[in-house]
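One structure is given below, encoded as structure tokens.
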Amino acid sequence: MSGSVRALAAAVLVAAGLSGIGGCAASTEASGASRETRTTGTVLSVTRVSPVDAELSWHGKAPGAAGRIVEFATEPGGPWTILTYAPLGQTTYRHPDLIPKTHFSYRVRPYYGPASRPVDVTLPKGAFTKAEQRQEHTWAPPRTIRRAGVRTSPVRRPSATPTDLRATVMHANGIRFTWTDHAAGERGYLLEDRPRGGDSFRPVAVLDPDINSFGLITLPNEKRASYRVRPFVYGERSNIARITTGERPAGRG
């Protein structure tokens, strides 16, 4: 999977056929929530808070995890779509504006992997102009730069930590990142940022395995920000929680 986490919402919209990040609402049980047998240390439940809105909550420990992914599916066997990469301290997620009269399944999984040392980037002033938008940005697509003699380790080992992270300012709203990949068997890479004044890093791009070059088009609040990269693997999934949505309320589009 590659591309920006900022595009996750759009991917969810396409999958759910909605405007706004999908959601669900109605339980197959009278209580409005369903829960299956616990399969890991994370226990998930989902409650329909309106006919087409769902509220997820979970609890449990995931020692050493960097965060959790929240996924949904509308068919028993998937495919599963990632809704968000949640910080480890987050324990709830609201999924609004779901397709009416549809079965929704949810699960949560921790992800693991060491983050590189951060780099600080200050961009020139200026908006993302039409001229810049017309540029080909050939530096931006994810790619693998082959490097001889680099040792790799399983993702959850400290020796898998990426090194040599460099940020090259390409224009007032574009940064190219390169790094040395030391991970073996990763599911992908996360590019994370912390805008100036922010209290934590957040994923802004999800990249395929072995990628070590990527260009990011920034947002207005990222004129000054810190960035880091992280290889990741998934841990065991939670139980699957299910609901069925109802009729869309009048006035809800």
Side-chain angles (χ1 to χ4, degrees), residues 1-8 11 62-69 79-80 82 85 87-88 109-124 128 132-195 198 200-219 222-236:
M1 172 173 49
S2 65
S4 173
V5 169
R6 294 167 188 153
L8 274 177
R68 292 183 173 94
I69 62 167
W80 291 87
I82 297 175
Y85 285 74
L88 197 58
R109 288 192 285 173
Y111 62 91
Y112 300 84
S116 70
R117 291 183 178 180
V119 294
D120 298 327
V121 180
T122 299
L123 292 171
F128 192 31
E132 289 174 340
Q133 294 175 36
R134 287 194 295 267
Q135 294 177 11
E136 294 186 3
H137 294 92
T138 55
W139 48 269
R143 57 173 55 94
T144 299
I145 301 173
R146 301 294 178 185
R147 292 172 178 166
V150 176
R151 293 186 177 182
T152 60
S153 300
V155 173
R156 295 178 69 169
R157 293 184 182 177
S159 52
T161 302
T163 59
D164 307 315
L165 177 61
R166 297 180 182 180
T168 303
V169 175
M170 306 304 291
H171 55 65
N173 299 276
I175 310 168
R176 184 194 179 200
F177 296 94
T178 59
W179 61 93
T180 300
D181 173 17
H182 294 282
E186 73 271 26
R187 291 293 299 268
Y189 260 89
L190 296 176
L191 173 65
E192 304 173 339
D193 85 345
R194 183 179 62 196
S200 61
F201 281 87
R202 56 176 184 169
V204 293
V206 187
L207 308 169
D208 286 333
D210 301 323
I211 295 299
N212 59 3
S213 175
F214 175 68
L216 181 73
I217 300 300
T218 60
L219 298 177
E222 293 170 332
K223 286 296 186 182
R224 296 184 69 179
S226 298
Y227 294 87
R228 67 188 187 188
V229 291
R230 180 195 303 274
F232 69 90
V233 291
Y234 296 128
E236 292 184 275

**OP:** For A172 and E132, work out which heavy atoms get closest and say how close.
**Re:** N-OE2, 3.9 Å
**OP:** Under the side-chain contact (heavy atoms from CB on, under 4.5 Å) rule, collect the residues that match up with T163, sequence neighbours excluded.
**Re:** T180, H182
**OP:** Report the C-alpha separation of H137 and H171 in whole Å, then their side-chain angles, then the decisive distance to 0.1 Å, and conclude whether the side-chain contact (heavy atoms from CB on, under 4.5 Å) test is met.
**Re:** CA-CA 10 Å; H137 294 92; H171 55 65; 3.1 Å; yes
**OP:** Give a yes or no on whether the backbone of P195 and the side-chain of K223 come within a donor-acceptor separation of less than 3.5 Å.
**Re:** no
Original post:
How many angstroms lie between CZ in R109 and CZ in R68, if you round to the nearest 0.5 Å?
Top reply: 13.0 Å
Original post:
Parallel, tilted or perpendicular: which fits the ring planes of Y111 and Y85, with parallel below 30° and perpendicular above 60°?
Top reply: perpendicular
Original post:
Can you name the closest pair of heavy atoms from L216 and V204 and give their distance?
Top reply: CD2-CG2, 4.2 Å
Original post:
How long is the gap from CZ on R143 to CG on D208, to the nearest 0.5 Å?
Top reply: 13.5 Å
**OP:** Of all the heavy-atom pairs spanning A160 and P154, show the shortest one and how long it is.
**Re:** CB-O, 3.4 Å
Original post:
In Å, rounded to the nearest 0.5 Å, how long is the span from CD of E222 to OG1 of T122?
Top reply: 12.5 Å
Subject >> Those residues that, when tested against R176, pass side chain to side chain donor-acceptor pair (under 3.5 Å) (two or more places apart) >> reply: S213
Subject >> With W179 via ring pair (Phe, Tyr, Trp, His ring centres under 6.0 Å) - residues at least two apart >> reply: Y189
Original post:
CG of D181 to CG of N212: how many Å apart, nearest 0.5 Å?
Top reply: 6.5 Å
Original post:
Can you tell if the side chain of F177 reaches within under 4.5 Å of the side chain of L165, non-hydrogen atoms only?
Top reply: yes
Original post:
Do L190 and V206 have side chains that get closer than 4.5 Å, going by heavy atoms?
Top reply: yes
Original post:
How long is the span from the OG1 atom in T152 to the CZ atom in R157, to the nearest 0.5 Å?
Top reply: 10.0 Å
Original post:
Of all heavy-atom pairs between S116 and P162, which one has the smallest distance, and what is that distance?
Top reply: CB-O, 3.5 Å
Original post:
Does the pair L123 and N173 meet the rule for a side-chain contact (heavy atoms from CB on, under 4.5 Å), with working shown?
Top reply: CA-CA 7 Å; L123 292 171; N173 299 276; 5.5 Å; no
Subject >> Nearest heavy-atom neighbours spanning G113 and A66 >> reply: O-CB, 4.5 Å
Original post:
Rounded to the nearest 0.5 Å, how far apart are CZ of R117 and CG of D164?
Top reply: 10.5 Å
Subject >> Within 6.0 Å of CZ in R147, more than 12 heavy atoms from elsewhere >> reply: yes
Subject >> Pair Y227-I175, side-chain contact (heavy atoms from CB on, under 4.5 Å): steps then yes or no >> reply: CA-CA 10 Å; Y227 294 87; I175 310 168; 3.8 Å; yes
Original post:
For D210, does its backbone N or O pair with a side-chain atom of T144 as donor and acceptor, under 3.5 Å?
Top reply: yes
Subject >> Atom of L88, atom of A65 and distance for their closest heavy-atom approach >> reply: CD2-O, 3.5 Å
